[in-house]
Every structure is written in structure tokens, then in C-alpha cells.
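The structure under discussion appears below in the form of C-alpha cells.
One-based numbering, in listed order, for ligands and for the atoms of each.
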Amino acid sequence: MKIFLVAGARPNFMKIAPIVRALKAQSDPQITQITRIEYKIVHTGQHYDYEMSQTFFDDLELPKPDFFLEVGSGSHAIQTAKMMIAFEEVCLHEKLDIVVVVGDVNSTVACSIVAKKLLIEVAHVEAGLRSFDLTMPEEINRIVTDSISDYFFVTEKSAIENLSKEGRPKQRIHFVGNVMIDNLFYQLKRLEGEKLSQFPTYELKKDLEKYIFLTLHRPSNVDSRETLLGIVEALKEISTEIPVVFPIHPRTKKMLDAFSIQLNKGMTLLEPLGFMESLFLWKDAVMVMTDSGGVQEETTALGVPCLTLRENTERPITVEMGTNTLAGNKKEDILTCFWQIIKNGKPGTTIPPKWDGKAAERIVDVLRAKSPS
Ligand code: UD1
């Protein structure tokens, strides 16, 4: 059997890394040639800067992609269309059984549509998550991808419920756990063996008695001046209490410049970080503030308090069982939530079911069970 693994944006790289590892482990002599999965990696080029792409391939020990589509940035329509054209070309030259897509970015939906129309099966890793917020481009990507997928690999029970309500056949929904957490546990172990002083932020971390780690990039937070200003004003107040370390996404940098919004000296601005250095910093933070999806899950798994700068989450398990609090993006709400978390101290967290580092193995087992074509 032959499959493609598709990745395009930062969080995708983390999700395919454990799957690649599980596929590499097929050297087991028990696995016959017939059930062995042959795989190729397709990088759409949605993220392309060194800090947004290559660093992740290096950090995550990912092999060089077999295909690099070089689509780059653009409006949603332009980016998605370019991916579809380039990906179709690649698919037409390969005899494929399954295209595996991960997460909810434009690369996910673009490549699913292309594959399905070429009668290639689609497997969606992280299927079924719903924020029920259609102003979020990722929600559209999730719904469209799930509407044509053949395999649904899910991370939490809400996803099973959502897919069932949408009429997806039960036998195609596989509760495998969370590849993001597979990657986290694996990299955490590697980090223990690393020489930490190699990280450029080593001295910064040593000098700060405590700090908050911030990530911010969602269009709904950074593309409007009023919203971004409100968030920055809250952060200015917070950073007079506890310093804020802020590796900045290119979109956010562009918008801060365009709106002439200044940060204060309690906030340390950094270039985007690779996976390992980012983990090195956030795992010991007093709190993580974020609008990312995956970070809500990773902080839950390590018991780090997480203040999410969003009104909703497609990952409700992180609020029910984990360390996540939804604060929204208004200045007063962020500050109220911040003080609440500080007052409450480190929250209790329970690691959600099947977030045990073995999701990728389960995915590969399900794929291998597909009868050879
Ligand atoms: C994308 C995903 C989002 C994910 C995020 C992770 C979609 C719809 N959004 O958002 O779900 O959380 O990735 O980072 O797929 N840019 C660069 N260098 C790069 C990449 C982007 O400078 O390597 C700049 C460009 O100006 C671009 C902007 O960032 O216009 C946004 O990039 P894009 O990939 O469109 O969306 P993200 O905001 O990164």
C-alpha cells in the first residue's frame, strides 16, 4: 500500500513526525511486504520561512519532503487553489491508496479535495473537532475535510460525538489518541538529553525568575487594530507583574507594524522558535497565553496553566479535564482571567484518555489493516 502524508504549516509538521516514526518502525520482520505501507511526504509550502518550516524539520527529525509544492502565502482562495493545482499534478503521477491529512489548515482541505476527486481515499488525523464558529477559517477546513474523508482519526470524545451527529459511519471513526501529544512526549525526552545552553534563550530563561509564554497569530486577534490593541494593553499590564516572553508569528509582526502598536519592556519579543526551544521555554512558564489550537492540548498534557485568547475551543477536553481557561480577546476579560489563574495557582490536570504517546502507532495499525489494493 502506498500513502502520502501531507503537511504545510507549523502544527502539521509536529503531527506528521510521530506518524513518520511509526511508519519507519515497520522494519519488523513480522510485517510482510503485502501489508507494509510505503509513504511519501508532501510539503505544500504554506509555511516557508526558515523559522516556520526548516527548523521544524530539523528539530522533529523529519526527513526531507519527497515533494515540495512551494505555494507560499496568499489569500485563502489563492493559497488553496495553488495547492490544489500543484498537488493534483503530483497525485496524477503516483499510484496512491490513501492521502493522510492532518489538522485544519488550508493544506489539509486543499489536498483532501484533490485526493477525493481522484478517487483516492482520505484519512483525516484530528478529525471531528468543532468550534462551531464559522468565522474561523479552520472550522470551514475541518467541516469540508470531514465531509469527504474515509478514515476519521480522533483525539477526544467530543470529536466522536460531532462526527456521529454529522452522520459519519461509526466503523470509520477511530479513537486513536493525539499525535500532538505523541510528539510532545517524544521531544520532551529528547530535550532531557540536550545541552540546554545551546538555546539562544538559555540566558534569558535563567535570568527570569518567572515568566509567561505567549503565542498569538489568529486573524480574529491580530488583523483588527482595535482587538490587537486591547490584547496588547492587557499584556502590558500583565507584564508589569510577570514578564512575558513572546516569540512572534510573521502575521502578528506584520500587523503590529502596520497598526504602529508598541510593546513595553516587560515583553520580550523573539523571532519564531523551533519546536525544542519553544518547549524548553513554555514547559516551565507560570502560564501560557495562546490562541493556538495545539498549545491548549500540550499545556494540558504537562499541567501548565493555559489562558486561551479565544471565545471558544474545538478542543473542549482541555477545559473539562485539563488546564485550559477560555478568556476571549477583550482587555478586561483577559485581565480577570489572568488574576483568577494566578489566585488559583497550578490547576489539577488529568491527561485525557489515550493521550499516551501511542496515537501514531494506532493510526498505522488501522491503515495497515486496510486490505491491499
Ligand atoms: C496557518 C493556519 C492556522 C495555524 C497557523 C500556524 C490556515 C487557514 N491557517 O495560519 O490554522 O494555526 O498556520 O502557524 O491554514 N508568513 C510568513 N512566513 C511563512 C508563513 C507565513 O511570513 O513562512 C506570513 C505571510 O505574510 C502570510 C501570513 O504569515 O500571509 C499568514 O500565513 P498563512 O499560512 O496564510 O496563515 P497562518 O496565519 O500562518
Side-chain angles (χ1 to χ4, degrees), residues 6-17 42-60 65 68-84 86-87 101-113 124-126 129-131 133-145 180 183 214-224 227-228 246-259 270-275 278 282 288-298 306 308-310 312-315 329:
V6 175
R10 269 196 311 194
N12 291 170
F13 309 142
M14 301 163 203
K15 289 168 197 166
I16 65 161
V42 180
H43 183 340
T44 63
Q46 175 170 353
H47 284 173
Y48 46 86
D49 281 346
Y50 180 80
E51 296 84 4
M52 300 291 283
S53 174
Q54 187 58 47
T55 315
F56 283 81
F57 272 74
D58 298 345
D59 261 13
L60 303 173
F68 186 56
L69 308 185
E70 291 185 86
V71 298
S73 297
S75 69
H76 283 271
I78 290 174
Q79 193 176 56
T80 310
K82 278 183 163 175
M83 283 174 198
M84 290 179 73
F87 187 61
V101 295
V102 297
D104 54 17
V105 303
N106 287 344
S107 305
T108 314
V109 71
C111 297
S112 313
I113 294 173
H124 185 200
V125 175
E126 215 181 65
L129 297 179
R130 297 288 180 269
S131 65
D133 175 2
L134 283 170
T135 64
M136 210 181 167
E138 293 83 356
E139 183 70 356
I140 299 169
N141 295 344
R142 291 180 200 118
I143 294 171
V144 174
T145 303
M180 195 80 178
N183 177 60
L214 167 72
T215 80
L216 185 70
H217 73 285
R218 223 159 264 294
S220 55
N221 282 337
V222 306
D223 284 2
S224 133
T227 308
L228 184 55
F246 181 21
I248 193 162
H249 186 284
R251 173 194 285 279
T252 312
K253 186 167 191 295
K254 207 164 68 179
M255 299 321 287
L256 283 173
D257 290 346
F259 298 145
L270 305 171
E271 291 299 315
L273 298 173
F275 184 85
S278 170
W282 74 254
V288 171
M289 294 175 70
T290 191
D291 59 5
S292 145
V295 175
Q296 298 170 50
E297 299 180 329
E298 293 180 314
C306 180
T308 296
L309 296 155
R310 288 175 48 190
N312 52 49
T313 180
E314 60 289 334
R315 295 159 159 91
N329 60 11

From the list L216, L270, L256, side-chain contact (heavy atoms from CB on, under 4.5 Å) with I248 holds only for L256

Take S53 and H43 through the side-chain hydrogen bond (donor to acceptor under 3.5 Å, both in side chains) test and state the conclusion after the steps. CA-CA 10 Å; S53 174; H43 183 340; 2.9 Å; yes

Ignoring hydrogens and angles, state whether a donor on the side chain of N312 or R310 is under 3.5 Å from an acceptor on the partner side chain. yes

Any S224 side-chain heavy atom under 4.5 Å of F259 side chain: no

Got H249 and R10 here, is their nearest side-chain heavy-atom distance under 4.5 Å? yes

Passes salt bridge (charged side-chain N to carboxylate O under 4.0 Å, His left out), E297 versus R315? Steps please. CA-CA 8 Å; E297 299 180 329; R315 295 159 159 91; 2.9 Å; yes

Output block, N or O contacts of ligand 1, threshold 3.5 Å exclusive:
from     : atom 1 : to   : atom 2 : distance (Å)
ligand 1 : 11 (O) : E138 : OE2    : 2.5
ligand 1 : 12 (O) : H217 : NE2    : 2.8
ligand 1 : 13 (O) : H47  : NE2    : 3.4
ligand 1 : 14 (O) : H249 : NE2    : 3.3
ligand 1 : 15 (O) : Q46  : NE2    : 2.8
ligand 1 : 15 (O) : N106 : N      : 2.8
ligand 1 : 18 (N) : D49  : OD2    : 2.8
ligand 1 : 22 (O) : D49  : OD2    : 3.3
ligand 1 : 23 (O) : Y48  : N      : 2.9
ligand 1 : 23 (O) : D49  : N      : 2.9
ligand 1 : 26 (O) : K254 : NZ     : 2.9
ligand 1 : 34 (O) : Q46  : NE2    : 3.2
ligand 1 : 34 (O) : H47  : NE2    : 3.3
ligand 1 : 38 (O) : R251 : NE     : 2.8
ligand 1 : 38 (O) : R251 : NH2    : 3.3
ligand 1 : 39 (O) : H47  : NE2    : 2.7
ligand 1 : 39 (O) : H249 : NE2    : 2.9

